[in-house]
Amino acid sequence: MDSISPEQRLYTALAAIPPGYVVTYGQLASLSGWPRRARWVGQQLKRLPTGTTLPWHRVINAAGKISFPVGSDKAHEQAKRLRQDGVEVVHGKVSLAKYQWPG
DNA sequence: CGACTGACCAGAT
DNA sequence: TATCTGGCCAGTC
């Protein structure tokens, strides 16, 4: 049965991403059981509380880039966290070939 | 109701 | 990988 909400499925999938890896919005949507809901994923992440423990920083767009304006606090914060995870971030970009989580 | 927007995507080239 | 294009979905005005 499906007593859990779509949001719960999303959070569960997000929490399952191991340090040192990243996933794309579309990939996370699929992992959550909602293919083609990439935009919805973005809206949900935006709703996350400031102090959340979920690894929201491990989510980047299909181009391998951080989906925040270059130079913004958010972009900087995400890059900072990714580096702490051991992920190389160059010009707000990450190599999906090297760091994308197989799932 | 239609138009616009956004932490987006996959396919073709 | 990069660029271009059409598509998708939920919210907001």
Side-chain angles (χ1 to χ4, degrees):
Chain A
M1 69 172 172
D2 273 302
S3 59
I4 57 179
S5 66
E7 288 80 4
Q8 273 300 310
R9 297 178 69 92
L10 174 65
Y11 299 150
T12 299
L14 180 56
I17 304 169
Y21 285 95
V22 298
V23 296
T24 66
Y25 291 86
Q27 186 183 357
L28 183 54
S30 293
L31 290 173
S32 302
W34 293 88
R36 299 173 203 79
R37 292 288 192 278
R39 295 196 116 117
W40 172 77
V41 169
Q43 292 183 327
Q44 294 310 310
L45 294 186
K46 191 174 186 178
R47 290 174 58 100
L48 288 177
T50 307
T52 182
T53 57
L54 291 172
W56 56 269
H57 60 284
R58 292 174 194 152
V59 186
I60 58 180
N61 64 35
K65 297 179 183 176
I66 288 176
S67 288
F68 282 115
V70 180
S72 67
D73 286 358
K74 282 292 187 179
H76 199 266
E77 159 115 25
Q78 183 164 12
K80 181 179 174 184
R81 292 195 177 209
L82 284 174
R83 294 199 182 93
Q84 292 185 330
D85 278 357
V87 175
E88 290 179 273
V89 183
V90 183
H91 298 311
K93 184 168 54 180
V94 171
S95 171
L96 288 178
K98 290 185 180 179
Y99 303 106
Q100 182 168 37
W101 186 40

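Heavy atoms only: backbone and side chains are in, while hydrogens, waters and symmetry mates are out.
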Using whole Å, what does the distance between atom P of nucleotide C:dC8 and atom CH2 of A:W34 come to? 17 Å
Check whether any side-chain nitrogen or oxygen of A:S67 sits under 4.0 Å from OP1 or OP2 of B:dC8, and answer yes or no. yes
If you count heavy atoms of other groups shown closer than 6.0 angstrom to CD of A:E88, is the number above 12? no
Is any side-chain N or O of A:R37 under 3.5 Å from a base N or O of C:dC9, one able to act as donor and the other as acceptor? no
Once you round it to whole Å, what is the distance between P of B:dA7 and CG of A:L48? 13 Å
How close or far is atom P of C:dT1 from atom CD of A:Q100, stated in whole angstroms? 9 Å
What is the distance from CZ of A:R81 to C1' of B:dA7, rounded to the nearest Å? 15 Å
Which nucleotide wins on minimum distance to the side chain of A:A38, given the candidates B:dA7, C:dT1, B:dC9? B:dC9
Under 30°, 30 to 60°, or over 60°: which ring-plane class applies to A:W34 and A:W40, parallel, tilted or perpendicular? tilted
Here the distance between atom P of B:dC8 and atom CD of A:Q44, to the nearest Å, is 14 Å
Provide the closest heavy-atom pair for A:P35 versus A:S30 in the form atom of the first, atom of the second, distance. CA-OG, 4.0 Å
Within the pair A:K93 and C:dA2, is there a side-chain N or O less than 4.0 Å away from OP1 or OP2? yes
A:K46 has an atom NZ; how far is it from atom C1' of B:dC8, in whole Å? 13 Å
May I ask you to say what A:K65 touches in the nucleic acid, namely base, sugar-phosphate or nothing, with a heavy-atom cut-off under 4.0 Å? nothing
Determine the contact category for A:A29: base if any of its heavy atoms lies under 4.0 Å from a base atom, sugar-phosphate if only primed atoms, P, OP1 or OP2 are that close, otherwise nothing. nothing
In whole angstrom, give me the gap between the P atoms of B:dA7 and C:dT5. 23 Å
Whole angstroms only, please: what is the CD1-P distance between A:I66 and B:dC8? 12 Å
CZ/A:R36: more than 12 non-hydrogen atoms of other groups inside 6.0 Å: no
Look at all strands and tell whether A:L96 reaches a base, only sugar-phosphate, or nothing, counting heavy atoms closer than 4.0 Å. sugar-phosphate
State which of B:dC9, B:dA7, C:dG11 makes the closest approach to the side chain of A:Q43. C:dG11
Length of the line joining A:N61:CG and C:dT1:C1', which is rounded to integer Å: 14 Å
Does A:R39 get its side chain close enough to the base of B:dC8, under 3.5 Å, for a donor-acceptor pair? yes
Is the count of non-hydrogen atoms from other residues, nucleotides or ligands lying under 6.0 Å from A:Y21 atom OH greater than 12? no
